[in-house]
Amino acid sequence: MKNIQLLGLILVVAGSFLPLVHVPIIGNWNYWKLDHSLAIICWILSAGALFGIANNNTKVSKIFGILLVVLFVFTLKLKRDQMDSNDLNFN
């Protein structure tokens, strides 16, 4: 179980540099392009999850995992709102 958790954590940290979405008109975007503070929050939450994994504390790992999912949903909403505000500027 610990190996799967560590693999997921590595994917989250590596994924902060990779594009989350590729849309032909908009292009690629990731945490660093969207907002540096989101990338830093992602890394802090990942460090908390790593602490939980290293100490075999499943409760801490689950809490930080849920917080990472919430951050991802927040990021998608933030990006959608930015795209909507760009659409309003063209009208």
Side-chain angles (χ1 to χ4, degrees):
M1 184 70 169
K2 199 173 195 178
N3 292 336
I4 294 172
Q5 292 173 337
L6 288 173
L7 178 64
L9 186 63
I10 290 169
L11 290 174
V12 167
V13 172
S16 68
F17 294 107
L18 301 174
L20 293 173
V21 175
H22 175 74
V23 179
I25 297 171
I26 300 168
N28 294 329
W29 59 277
N30 60 20
Y31 281 122
W32 281 111
K33 287 183 183 178
L34 188 60
D35 189 4
H36 291 280
S37 61
L38 287 176
I40 293 168
I41 292 170
C42 177
W43 290 352
I44 290 170
L45 293 176
S46 296
L50 180 62
F51 176 78
I53 293 168
N55 292 324
N56 290 327
N57 191 338
T58 57
K59 185 176 182 180
V60 171
S61 299
K62 286 181 183 179
I63 289 170
F64 281 105
I66 290 168
L67 289 174
L68 282 165
V69 170
V70 169
L71 177 68
F72 180 71
V73 170
F74 174 75
T75 304
L76 290 176
K77 182 182 178 338
L78 182 68
K79 183 61 178 178
R80 189 186 70 199
D81 290 345
Q82 283 183 350
M83 289 177 7
D84 290 343
S85 67
N86 287 340
D87 291 342
L88 293 176
N89 292 336
F90 291 121
N91 292 336

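Contact annotation: the side chain of Val60 never approaches that of Asn55 to less than 4.5 Å [non-hydrogen atoms, C-beta and beyond]. Side-chain atoms of Leu38 and Phe74, non-hydrogen and from C-beta on, do get closer than 4.5 Å to each other.
For Lys77, the side-chain hydrogen bond (donor to acceptor under 3.5 Å, both in side chains) test picks out Asp81, with sequence neighbours left out. Partners of Leu9 under the side-chain contact (heavy atoms from CB on, under 4.5 Å) rule, at least two apart in sequence or in another chain, are Ser46, Ala49, Leu50, Ile53. Scored by the side-chain contact (heavy atoms from CB on, under 4.5 Å) test, Leu67 finds Leu45, Ile63, Phe64 as partners (sequence neighbours excluded).
The heavy-atom pair separating Gly52 from Ser61 by the smallest distance is C-OG, 3.2 Å.
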